[in-house]
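Scroll down for the structure; my scribbles are underneath it.
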Amino acid sequence: MKVTKVLAVAAIAVAICGFTADLALAQNEQFIPRLVYRTGPYAPNGIPFADGYADYLDMIDARDGGIGGVKITYEECETGYNNDKGVECYERLKNHGPTGASLVDPLSTGITYALIERATADKIPVVSMGYGRADASYGAVFPYVFTLPATYWAQADALIKYVGQQEGGIDKLKGKKIGLVYFDAAYGKEPIATLEKLSEKLGYTFLKYPVTPPGIEQSATWLQIRQQKPDWLFMWGWGVMNSTAIKGAASVGYPMDHFIGVWWSGSEPDVVPAGDAAKGYESGTLHAAGQDFKAVQEILKAVYDKGAGHTTRDKVGEVLYNRGVINAIYDLEAIRTAQGKFGNKPLKGEEVQWGYEHLDITPTRIAALGADGLMVPVRLTCANHEGNGQVRIQQWDGKHWKFVSDWIQPDRDMLTEMYKESALAYAKEKGITPRDCAKES
C-alpha cells in the first residue's frame, strides 16, 4: 500500500514537472498568425507562398532553436482569399502566444484594407509585402503598415519604364496603346492611378479591361482586346485568372513578349497550365527563383532531409515559394532587430513595429542569411515603410523563368509625392494626426 502511494506521488510529481516544462516552453514562444488560402480558385498561388514561409520558420527553429533563443511558432488559418474570413482569422489568432500576434501577413490587398484600422488599434504590424495599400508607405500616417520592398504604384512605373526601353526610348510611348487586364477588386485597381498619371505625362492611350473575380470567364475580355489591339498589355491577376488570361491571349494571337504580368502573375502555376502557348510571357519580380541559394539549401537540409516539409522537394525554389521565404526573412529580421532593443524574449506587436521601422537588411546581412542573389537590400524608417525597392522583368522560356532586364528604379520623387498626397487625404478623412518622423528618427 505504501509502495503504491509512493509511486502515485512520484507519477504526479513527474506530470507536474512535465506540465511546468511545457508551460515554460510556451512562455518562450514568438507567435506569428498565418493567414493562408490552400483551397479555392486562388490556391494555386496561395499554396506555394504559404509553404515557403512555413518551411523557412521550421528551418530556423530546427537549425537555430528560434530567434535569440525564442522559438518561433505559428498557426495557419484558411481565408479562401475572402475579406470577411481574413478578418475572422485575424481576430481568432491575434491573442495567441504569450504576447499575442507579432505581426500579420494578410497575403491579400482586400484583407489588408480590412485590417489596417483594427491592427493599428491593436498595435500589431500589418506586413503587406509587395501588395496592399500603396500610400501606406507613408509611415507618418500608417505607423503599423509596411509595404516593402516596393508597391504596386512603383511596379506600374517600372513596367512603363521597361516598355519604354523596348520601344527605343520613353518618348516613343506617345501614341501607343497600353492596356491593363485586372482583377476587378481593390488589388487589381491599385496601379490604375499611376498608369493614368503616366499616360497623361507620356501621351499613351490607357485601356482598362476589368475581369470579374475569380477570373475563370474572360472570353469577352479577349474579344475586346483583339478588336482594340493594344501595343502592350499588363496584367494584375491572381489564382486561376492568370493562367486563364495567358490562354486567352494565345487564343487571339496576342504576342506573349508584349504581355507583362505584375509579380503576382508571374509564377509557375500561372504559365505551366498554358503549355507552349505561355512561352515568351513576361512578368515583374522582386527576387530570384531556384534552389541555388544557401538559405534555400538550408531548408532542404534542415527540413526536407529530415522527412518534413510542407511541399515536395521539387517545388522548393519556385517563384512563389521563394517569395514566401523572403517574407519570412523580413518578418524574422524585424523581430531580431526588435530583440536588439527590447531583449531576447517574446515581443509584443508594438515592439516588433519598432523592429520593422528600424529594419536594415544590408548586403552584408543578406550574405549572412545565405540570400545572396535571392533578394536585394532594404532599409525602412519611420517615414518610409516601403524601402525604395526596385523591379526586375523575367520571362518564361517554357521551362524556367529568366531575367530579361536589369533592376529598374521607379521614379521615387513622383511616387513619394503620390504616397504623401493620398495618405494625408486619408488622415484628414479619418481624423488622424500624422506623426512627426523627424522627431522619432
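These numbers come from the heavy atoms of this one structure, side chains and all, not from hydrogens, waters or symmetry mates.
Proximity of V391 to W263: side-chain heavy atoms (C-beta onward) are separated by under 4.5 Å at one or more points. Using a 4.5 Å heavy-atom cutoff, the side chains of Y144 and E350 are in contact. A heavy-atom distance below 4.5 Å is not found between the side chains of Y131 and W238. No side-chain heavy atom of F142 sits less than 4.5 Å from a side-chain heavy atom of T147. No side-chain heavy atom of V262 sits under 4.5 Å from any side-chain heavy atom of S283. Under the 4.5 Å side-chain criterion, counting only non-hydrogen atoms from C-beta, V141 is not in contact with R435. Using a 4.5 Å cut-off on side-chain heavy atoms (C-beta onward), V145 and L115 make no contact. Side-chain contact between L415 and E386 is absent, with no heavy-atom pair separated by less than 4.5 Å.
If you run side-chain hydrogen bond (donor to acceptor under 3.5 Å, both in side chains) between Y419 and each of N384, D135, T151, only T151 comes through. Tested against Y81, the residues Y187, W264, Y37 include a single ring pair (Phe, Tyr, Trp, His ring centres under 6.0 Å) partner, Y37.
A donor-acceptor pair under 3.5 Å links the side-chain atoms of Q218 to the main chain of M241, judged by distance alone. The main-chain N or O of T212 is never found under 3.5 Å from a side-chain atom of D184 such that the two would form a donor-acceptor pair. The backbone N or O of A438 lies less than 3.5 Å from a partner atom in the side chain of D436, making a donor-acceptor pair. In this structure, the side chain of Q353 engages the main chain of P143 through a donor-acceptor pair within 3.5 Å. A donor-acceptor pair under 3.5 Å is absent between the side-chain atoms of S422 and the main chain of M418, judged by distance alone. Within the 3.5 Å criterion, the main-chain N or O of P98 finds no donor-acceptor partner in the side chain of Q27. Judged by distance alone, with hydrogens and angles left aside, the side-chain atoms of S137 form a donor-acceptor pair with the main-chain N or O of A134 at under 3.5 Å.
Not counting sequence neighbours, the partners of K430 by the side chain to side chain contact (heavy atoms under 4.5 Å, CB included) test are E117, Y426, I432. Every ring pair (Phe, Tyr, Trp, His ring centres under 6.0 Å) that F146 has, sequence neighbours left out, goes to Y356, H385. For D360, the side chain to side chain contact (heavy atoms under 4.5 Å, CB included) partners are T362, R379, not counting sequence neighbours.
Counting non-hydrogen atoms of neighbouring residues, nucleotides and ligands closer than 6.0 angstrom, the CD atom of E75 exceeds 12 such neighbours.
Closest of all the heavy-atom pairs between F234 and I160 is CE1-CD1, 3.7 Å. Of all heavy-atom pairs between A245 and M235, the closest is CB-SD, 3.3 Å. For the pair I67 and R336, the tightest heavy-atom approach, listed with the atom from each and the gap, is CD1-NH2, 3.1 Å. When all heavy atoms are compared, the tightest approach of L180 to P191 is CD2-CG, 4.0 Å. Pairing each heavy atom of I335 with each of L347, the nearest pair is O-CD1, 3.8 Å. Here the shortest heavy-atom pairing between T79 and G86 reads CG2-CA, 3.8 Å.
Atom CG of L374 is separated from atom CD1 of I326 by 4.0 Å, given to the nearest 0.5 angstrom. Rounding to the nearest 0.5 Å places CD1 of I366 at 12.0 Å from CZ of F293. Atom OG1 of residue T364 and atom CG of residue D372 lie 9.5 Å apart, to the nearest 0.5 angstrom. Atoms CG and CD, on L103 and Q30 in that order, are 8.0 Å from each other to the nearest 0.5 Å. Atoms CG and CH2, from L195 and W153 in turn, are 12.0 Å apart once rounded to the nearest 0.5 Å. The OG atom of S405 lies 8.5 Å from the CD atom of E282; values are rounded to the nearest 0.5 Å.
Ring planes of H258 and W232: parallel class, angle under 30° (limits at 30 and 60°). By the 30° and 60° cut-offs, the orientation of the rings of F31 relative to H96 is tilted. Taking the six-membered ring where tryptophan is involved, the planes of F259 and Y281 are perpendicular, since the angle between them exceeds 60° and thus also 30°.
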Pair I393-Q395, side chain to side chain contact (heavy atoms under 4.5 Å, CB included): steps then yes or no: CA-CA 7 Å; I393 308 301; Q395 185 175 50; over 6 Å; no
TODO: Take W401 and V271 through the side chain to side chain contact (heavy atoms under 4.5 Å, CB included) test and state the conclusion after the steps.
DONE: CA-CA 10 Å; W401 289 101; V271 290; 3.8 Å; yes
- Query: So Y152 and T109, side chain to side chain contact (heavy atoms under 4.5 Å, CB included) or not? Walk me through it.
  - Reply: CA-CA 11 Å; Y152 290 140; T109 293; 3.6 Å; yes
| message | Run the salt bridge (Lys or Arg N to Asp or Glu O under 4.0 Å) test on K85 and E88 for me, step by step, so that the C-alpha distance in whole Å, both residues' side-chain angles and the decisive distance to 0.1 Å come before the verdict. | response | CA-CA 5 Å; K85 289 182 180 178; E88 290 175 11; over 6 Å; no
message = Apply salt bridge (Lys or Arg N to Asp or Glu O under 4.0 Å) to residues D51 and R38 and explain how you reach the verdict.
response = CA-CA 10 Å; D51 290 343; R38 295 182 176 275; 2.8 Å; yes
### Query
Going through the distances and angles, do I124 and K94 end up as a side chain to side chain contact (heavy atoms under 4.5 Å, CB included)?
CA-CA 8 Å; I124 295 173; K94 71 179 184 181; 4.0 Å; yes
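A salt bridge links E91 to R118: at least one charged side-chain nitrogen sits closer than 4.0 Å to a carboxylate oxygen.
In this structure, R34 fails the cation-pi test against Y74, since its NZ or CZ atom is not both closer than 6.0 Å to the six-membered ring centre and inside 45 degrees of the ring normal.
Side chains of Y53 and D331: a donor on one and an acceptor on the other come within 3.5 Å. Side-chain N/O atoms of N242 and S265 include a donor and acceptor closer than 3.5 Å. Remark: the T39 side chain and the E78 side chain contain an N/O donor-acceptor pair separated by less than 3.5 Å.
Here ring-ring contact (aromatic ring centres under 6.0 Å, His included) pairs that include residues 302-349, with residues two or more places apart or in two chains, are F342-W354. The salt bridge (Lys or Arg N to Asp or Glu O under 4.0 Å) analysis of residues 298-316, with sequence neighbours excluded, yields the pairs R63-E298, D305-R313, K315-E318. Within the structure, side chain to side chain donor-acceptor pair (under 3.5 Å) pairs that include any residue of residues 284-296 comprise H287-R323 (at least two apart or interchain).
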